[in-house]
Amino acid sequence: MSGMRARDLLPWRTFVVETSWSPTVAEIELRKKVAPQRAVPGDGGHDDAVFVGSEGHGRFRLSRRAGDQSTFPLRFDVVVESSHHQGARVVVRPRTVVLLILSLCLGAVTVIASIMAVVGLECGLPSAMLVLALPVVLAGLLSFATAREARESERLLRGIFARAPALPAPPETDEAYR
């Protein structure tokens, strides 16, 4: 993962981790790094967990552990499924609830800023239009906070599967890949 790209600022960005481990092994390895929601550090068995959440049948709902989180925690839905190369695909999506809350907050700030700008203009204060920059600044701050948290969570998730053997090389053929 190199520098930040524009797509990294999108809070709904989904990413996939490919591993040579079978889906069963991938689930077990992920489960080792996920503590129950109510787990307390030092309670035994969950000291090396980097995420908290719940799991069942190849599906996880998780977020970074409280001691490691930024002030803007993200929650993720993670699905472990079979891959085309006999391994597993780990599909990670941000929770819809987080996106809904972000949208509602940004929408409310935009409405309030618009009302303030209109009232300011009616009172003869053309500088009141500057308040319209507030939603833009807030959107930027939320995007960067979300991107930072998402990148760190992605780094931790990829790290779980980094110990897996390398994926098999594609078969050699005389045809070009399409």
Residues which pass side chain to side chain contact (heavy atoms under 4.5 Å, CB included) with Q86, listed by chain and number, not counting sequence neighbours: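 Residues passing side chain to side chain contact (heavy atoms under 4.5 Å, CB included) with Q86: none at all.
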Set of side chain to side chain contact (heavy atoms under 4.5 Å, CB included) partners for T24, sequence neighbours left out: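 Applying side chain to side chain contact (heavy atoms under 4.5 Å, CB included) to T24 gives S22, I28.
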Check against side chain to side chain contact (heavy atoms under 4.5 Å, CB included), E18 and S83: CA-CA 8 Å; E18 295 274 345; S83 179; 3.0 Å; yes
Salt bridge (charged side-chain N to carboxylate O under 4.0 Å, His left out) partners of E29, counting only residues at least two apart: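 Once residues adjacent in sequence are excluded, the partners of E29 under the salt bridge (charged side-chain N to carboxylate O under 4.0 Å, His left out) criterion are K32, R163.
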Set of salt bridge (charged side-chain N to carboxylate O under 4.0 Å, His left out) partners for R61, sequence neighbours left out: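 Residues passing salt bridge (charged side-chain N to carboxylate O under 4.0 Å, His left out) with R61: D77.
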Less than 3.5 Å apart, which donor and acceptor atoms pair up between the side chains of residues 130-141 and the rest of the protein, not counting sequence neighbours?
none

Residues R158, F15; criterion side chain to side chain contact (heavy atoms under 4.5 Å, CB included); working and verdict: CA-CA 10 Å; R158 288 188 187 282; F15 65 90; 3.9 Å; yes
Single hit among V79, V78, L62 for side chain to side chain contact (heavy atoms under 4.5 Å, CB included) with V92: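 Exactly one candidate clears the test, V78.
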E154/R151 ion pair, N-O < 4.0 Å: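 Not counted as a salt bridge, because no side-chain N and carboxylate O are separated by less than 4.0 Å.
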Contacts under 3.5 angstrom, residues 107-124 side chains, donor-acceptor by atom type, not counting sequence neighbours:
{"residue": "T110", "atom": "OG1", "partner": "L106", "partner atom": "O", "Å": "2.8"}
{"residue": "S114", "atom": "OG", "partner": "T110", "partner atom": "O", "Å": "2.8"}

Is the shortest side-chain heavy-atom distance between [X] and [Y] below 4.5 Å?
X   : Y    : result
E81 : V91  : yes
F51 : I160 : yes
S54 : F60  : no
S20 : F161 : no

L156 vs R64, side chain to side chain contact (heavy atoms under 4.5 Å, CB included): CA-CA, chis, key distance, verdict: CA-CA 9 Å; L156 291 169; R64 283 202 305 147; 3.5 Å; yes
Residues S63, F76; criterion side chain to side chain contact (heavy atoms under 4.5 Å, CB included); working and verdict: CA-CA 6 Å; S63 62; F76 297 94; 5.7 Å; no
Residue pair P23 / V80: nearest heavy atoms and the distance that separates them: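 Closest approach of P23 to V80, heavy atoms only: O-CG1, 3.6 Å.
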Closest contact, heavy atoms only, W21 versus A26: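 Closest pair (atom of W21, atom of A26, distance): CB-N, 4.1 Å.
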Connected hydrophobic set around L125, excluding itself, where side chains approach under 4.5 Å: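 Its cluster mates, by chain and number: none.
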